[in-house]
Structure formats: structure tokens, C-alpha cells
Amino acid sequence: MMQQPSPNGVPQQMAAPPPTYDQQQQNQYLQYQQQLQQQQWMLANQQQQQQQQPPPQQQQPYQYQAQPQAQPQQMYYQQQQPPQAAAAAAQPQYSAAAAAQPGGADGVCTLWIGDLQVWMDEQYLMNCFAYTGEMTNAKVIRNKQSGQSEGYGFIDFVSHAAAERALQAYNGTGMPNAEQNYRLNWASPGAGEKRSDGTPDFTIFVGDLAPDVTDQVLQQTFSPHYPSVKGAKIVTDMMTGRAKGYGFVRFGDEGEQVRAMHEMNGKYCSTRPMRIGPANKKNTGKPAIP
DNA sequence: CTTGAGCGG
């Protein structure tokens, strides 16, 4: 089976890579790292605003901390480019709909990213989005005391358009070295789809979902029939990254929510029939009566 | 595994 890199249980810090990786991959990885750093360096130079990054060979400014939990993944990432991301990068298209987007009008260049696992650090995010060539910074929010990731972070881009491109291309696609999809959204001001006063969400619970159903798939299952669909969310286990097999769909219109509960119940999403009910905890549109 | 751990400096 799999060989353990550290037979004596000593956590390998930033030491030699495990023998399970061959030299070729290591070299590719190192080359990739240098490319990334150079890209970053050039970007920083272009803008002439960030302090100059020291040449490659420099280690990351932040320090790793010994973590009690076993890390399910290795720290070595392989280059991976989502097909849509490739397309977006190849032909940058400035959608006219940008102004209508939630994060739209103003020049928000930052994306919020959630559902991060504890081992997904800045370096990891760099790798993920460096391919766009338009990312300027990545940050993981950590607990000040424990130093552990809070499970979300922020990614800055050179422009609002660049951020939107990344959002469209990456959101919902698979993350490298993880069994989960990107969960991206516009960062704070006037943010994407959270609670908004005066515009209540009418949410349904959708259970019995196949493991391959993503936010997008679920939303697209409903949106053609119900124009008021605002979004869909598959619930995933943060620790394992596995989908829990259920999710939620939010409607802007209560009538459509009710209709969907009747009409779509038992209908197929991907490979399995959905089980639909009203959502309880958050926004059902009907506030609980004390 | 059936009711969402989602906004910093």
C-alpha cells in the first residue's frame, strides 16, 4: 500500500519531499514556483505600489506552526488549470453584465473564498489563481490564538474584471488536491448573496443529492423553471470536504418556492431523485413564531 | 451521514 513518509511519526516540516513523488514532479513543481514568484514580482513592479518582493529563493514570510491534527493532504500541489479558466485567460472578455453583478459597479477587486481546509494556506491559493496572472495577493484568515485557518480567505486581483473572470471561471470547479469545489464570492461591501434587508430569501431544503451535484448543477436544475432562483448551496463537511448529500435553493419569490417544493420533489437532479422540503434554520421566508 | 461554521486589516 502507501508508504508512510515518516515512519517514526515525526512530522516532516518543510523537509525533503516524500519518496512517493518522483523527481520529475518535484522539478516541475519547483519550476512552477519560480514562475509564480516571477509573475508576482513583475506584477508588483508594474503597479509600483507594493513593496518590492525579494528575488526568488526567499521563503514565505509566514511561519508554519505545528498542528496537532494529521494533515490529510501533502503540501505539494500540482499545476492544474480549469478548462474554463484557461478559456477566460486566453480570451479575456469583459462582460457587459459586469455592472449588473452584485459586486459590480464599484471597483471591487477582492474575492471572498470559503470552505477552505486547514492546510490550504496562502501558498496554495497562490497556486490556484496564479494561472490567471491577474492575482495580486491571497490571504487566509487565521485565528490569532491558534494560528489555524478560519476556513476562509481573500484573494485580490488587479482589476474588478479580473476578479469577475476568476469568479466565473473557478467558482464551483474542483480545487486542486481536494475533493471539493471552490466557493467564491465577492468580498464584503455590498457582497453577493447574503442576507439583505427587505429582500427575504425563500429557501427550500433539497436532500438525497448525488455526490457529484455541485452548487451550479443544483441551481441550474431549478433556475430554468423558476426565474427567481437566487442561488444554491450544497452542504459539505468542512473537515472531509465531502458533500453531505443535501443542500439548499434560495428563491426570491415565495410563490415559486412553494411551487418548486411541489413540482420538483422527486424530480431527478443528476442521477438521483430529490427530496424537497422547507428549510428550517435560516431563511424559510416564514420567521419562526416564538 | 438529510436543515448551511458565510467576510479581514
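Below, chains carry the letters A, B, ... as their sequence lines are ordered, and counting in each starts from 1.
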message: Need one value for Asp208(A): base, sugar-phosphate or nothing, where a base atom within 4.0 Å counts as base even if backbone is also close, heavy atoms only.
response: base
query: Who else is in the cluster with Tyr246(A) when I, L, V, M, F, W and Y are joined by side-chain contacts under 4.5 Å?
result: Phe205(A), Val235(A), Phe248(A)
Interatomic distance where CZ belongs to Arg272(A) and P belongs to dT2(B) [whole Å]: 12 Å
message: Under 4.0 Å, heavy atoms only, any strand: does Phe154(A) hit a base, just the sugar-phosphate, or nothing?
response: base
query: Roughly how many Å is it from CZ in Arg275(A) to P in dT2(B), rounded to a whole number?
result: 10 Å
query: Taking atom types as modelled and ignoring hydrogens, do the side chains of Thr236(A) and Gln180(A) form a donor-acceptor contact shorter than 3.5 angstrom?
result: no
field: Atom-to-atom span, CH2 of Trp186(A) to P of dG8(B) - whole angstrom
entry: 18 Å
task: In whole angstrom, give the distance that lies between atom CG of Leu116(A) and atom C1' of dG6(B).
output: 12 Å
- prompt: How close or far is atom P of dT2(B) from atom CG of Asp237(A), stated in whole angstroms?
  reply: 12 Å
query: Checking all strands, does Arg183(A) fall into the base, sugar-phosphate, or nothing category for heavy-atom contacts under 4.0 angstrom?
result: nothing
- request: Round to the nearest Å and state the distance from Tyr152(A) atom OH to dG9(B) atom P.
  value: 7 Å
message: By a 5.5 angstrom centroid cut-off and a 30 degree plane limit, is there stacking between Phe248(A) and dG4(B)?
response: yes
- request: Please figure out whether Ala243(A) or Gly151(A) has its closest DNA chain B nucleotide nearer the 5' end.
  value: Ala243(A)
- prompt: Between dC1(B), dT2(B), dC7(B), which one does the side chain of Tyr246(A) approach most closely?
  reply: dT2(B)
message: Quick test of your reading: applying side-chain hydrogen bond (donor to acceptor under 3.5 Å, both in side chains), list the pairs with at least one residue in residues 263-273 of chain A, sequence neighbours left out, ordered by first then second residue.
response: Asp212(A)-Ser270(A), Tyr226(A)-Glu263(A), Arg259(A)-Glu263(A)
- prompt: Which is it for Met264(A) and Val249(A) under the side-chain contact (heavy atoms from CB on, under 4.5 Å) test, yes or no, and what are the steps along the way?
  reply: CA-CA 12 Å; Met264(A) 297 298 281; Val249(A) 180; over 6 Å; no
task: Could you work out which one of dC7(B), dG4(B), dT3(B) sits closest to the side chain of Ala187(A)?
output: dC7(B)
message: Could you check whether the side chain of Lys244(A) and the base of dG4(B) have a donor-acceptor pair of N or O atoms closer than 3.5 Å, going by distance alone?
response: no
query: Side chain of Val235(A): nearest nucleotide among dG6(B), dT3(B), dA5(B)?
result: dA5(B)
message: Could you tell me how far apart Glu150(A) (CD) and dG8(B) (P) are, to the nearest whole angstrom?
response: 10 Å
